[in-house]
Amino acid sequence: ECLPEIVAAVSLDMGMGITLVGMGLHPITGGSPDEAHEYRVTLVWQCREQLEADYRFGLTLDEGRARWGPFYFARGAYPTNVWKPNRLYRDDVVIAIRADDPADLRVLRPILLK
């Protein structure tokens with residue numbers, strides 16, 4: 001399977017047999033400079049082995065200063081305990097950041113949650 005063109009290839013071991021293999025961050029147009037800015041975060045996951053539990057994920061910024069989630073993988077359509085090893089699974093989530101927040105989105109990181 002190939003990664004979608006809108007994500008950059010990464011390799012981040014999330015633990016529990018899940019690896020983040022692609023990630024993209026895209027601004028959503030619209031809104032004034034005084035409003036919160038929205039971004040679509042595209043994440044592509046792969047499991048290396050059969051998973052025993054159904055996990056969730058979150059996103060964190062600046063070592064937990066800002067957090068989003070928990071999110072169900074694949075919007076709950078494919079619980080992680082039914083994932084097939086080596087297949088790719090995609091998530092698209094929208095996050096909002098205040099216009100006056102000096103956040104550096106290059107340090108946005110996913111976290112694994114139970």
Side-chain angles (χ1 to χ4, degrees):
E1 291 182 72
C2 296
L3 290 176
E5 291 183 13
I6 62 170
V7 301
V10 298
S11 181
L12 179 61
D13 183 354
M14 301 296 298
M16 308 310 252
I18 297 174
T19 302
L20 178 71
V21 296
M23 186 171 173
L25 179 71
H26 308 281
I28 297 174
T29 57
S32 74
D34 298 331
E35 296 176 339
H37 297 280
E38 290 187 328
Y39 296 86
R40 180 185 313 110
V41 183
T42 300
L43 305 122
V44 180
W45 315 94
Q46 186 175 47
C47 72
R48 297 180 304 277
E49 58 202 47
Q50 187 66 42
L51 304 174
E52 298 294 324
D54 183 22
Y55 296 99
R56 315 283 181 273
F57 72 96
L59 296 168
T60 185
L61 190 61
D62 292 340
E63 298 179 4
R65 180 179 62 81
R67 291 181 73 153
W68 296 269
F71 302 105
Y72 285 89
F73 284 97
R75 296 183 186 227
Y78 295 103
T80 55
N81 58 341
V82 299
W83 283 11
K84 303 291 183 210
N86 301 316
R87 292 210 44 208
L88 299 180
Y89 296 88
R90 175 179 170 168
D91 279 295
D92 289 285
V93 297
V94 174
I95 62 172
I97 298 176
R98 290 188 334 267
D100 62 347
D101 191 330
D104 181 358
L105 292 175
R106 293 174 297 177
V107 295
L108 183 68
R109 296 287 182 260
I111 54 173
L112 192 62
L113 305 169
K114 269 199 160 192

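As a basis for the values below, the full set of heavy atoms in this structure was taken, side chains included, without hydrogen atoms, waters or symmetry mates.
In terms of heavy-atom proximity, R90 sits nearest to I6 at NH2-CD1, 3.3 Å. Of all heavy-atom pairs between P110 and L59, the closest is CA-CD2, 3.8 Å. Nearest heavy-atom pair, M23 versus V10, reported as atom, atom and distance to 0.1 Å: N-CG2, 4.3 Å. Scanning both residues, F71 and G58, for their nearest heavy atoms gives CD1-CA, 4.3 Å. Contact record, Y72 with D91: O-OD1, 3.8 Å, taken as the closest heavy-atom pair. The shortest heavy-atom contact between T80 and A53 is OG1-O, 2.8 Å.
In this structure, the separation between CG on D92 and OG1 on T42 is 3.5 Å, given to the nearest 0.5 Å. Rounding to the nearest 0.5 Å places CD1 of I95 at 9.0 Å from CD1 of I28. To the nearest 0.5 Å, the span separating CH2 on W45 from CG on L88 amounts to 12.5 Å. Separating the CZ atom in R67 from the OG1 atom in T60 is a distance of 5.5 Å, to the nearest 0.5 Å. Here H37 contributes atom NE2 and I97 contributes atom CD1; the two are 9.0 Å apart, rounded to the nearest 0.5 Å. Taken from CG in L112 to CG in L20, the straight-line distance is 11.0 Å, to the nearest 0.5 Å.
Between Y39 and L108 the shortest side-chain heavy-atom distance does not fall below 4.5 Å.
Side-chain heavy atoms closer than 4.5 Å link hydrophobic residues (I, L, V, M, F, W, Y) into clusters, and following such links, possibly through other members, connects L61 to M14. Transitive grouping of hydrophobic side chains (ILVMFWY, heavy atoms separated by less than 4.5 Å) keeps L113 and L43 in distinct clusters. Taking hydrophobic clusters as Ile, Leu, Val, Met, Phe, Trp and Tyr residues chained together by side-chain heavy-atom distances below 4.5 Å, M16 does not share a cluster with V44. Linking Ile, Leu, Val, Met, Phe, Trp and Tyr whenever their side-chain heavy atoms come within less than 4.5 Å leaves I111 and F57 in two separate clusters.
In the displayed structure, R40 atom CZ is contacted under 6.0 Å by at most 12 heavy atoms of other residues, nucleotides or ligands.
Between the side chain of Q50 and the backbone N or O of N81 there is at least one donor-acceptor pair closer than 3.5 Å.
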Report task. Could you give me the CA-CA distance, side-chain angles and deciding distance for K84 and Y78, then say whether side-chain contact (heavy atoms from CB on, under 4.5 Å) is met? Result -> CA-CA 10 Å; K84 303 291 183 210; Y78 295 103; over 6 Å; no

Report task. Could you please spell out the steps behind the ring pair (Phe, Tyr, Trp, His ring centres under 6.0 Å) verdict for Y55 and F73? Result -> CA-CA 7 Å; Y55 296 99; F73 284 97; 7.7 Å; no

Query raised in the report: Could you walk me through whether Y89 and I18 pass the side-chain contact (heavy atoms from CB on, under 4.5 Å) check?
Result: CA-CA 11 Å; Y89 296 88; I18 297 174; over 6 Å; no

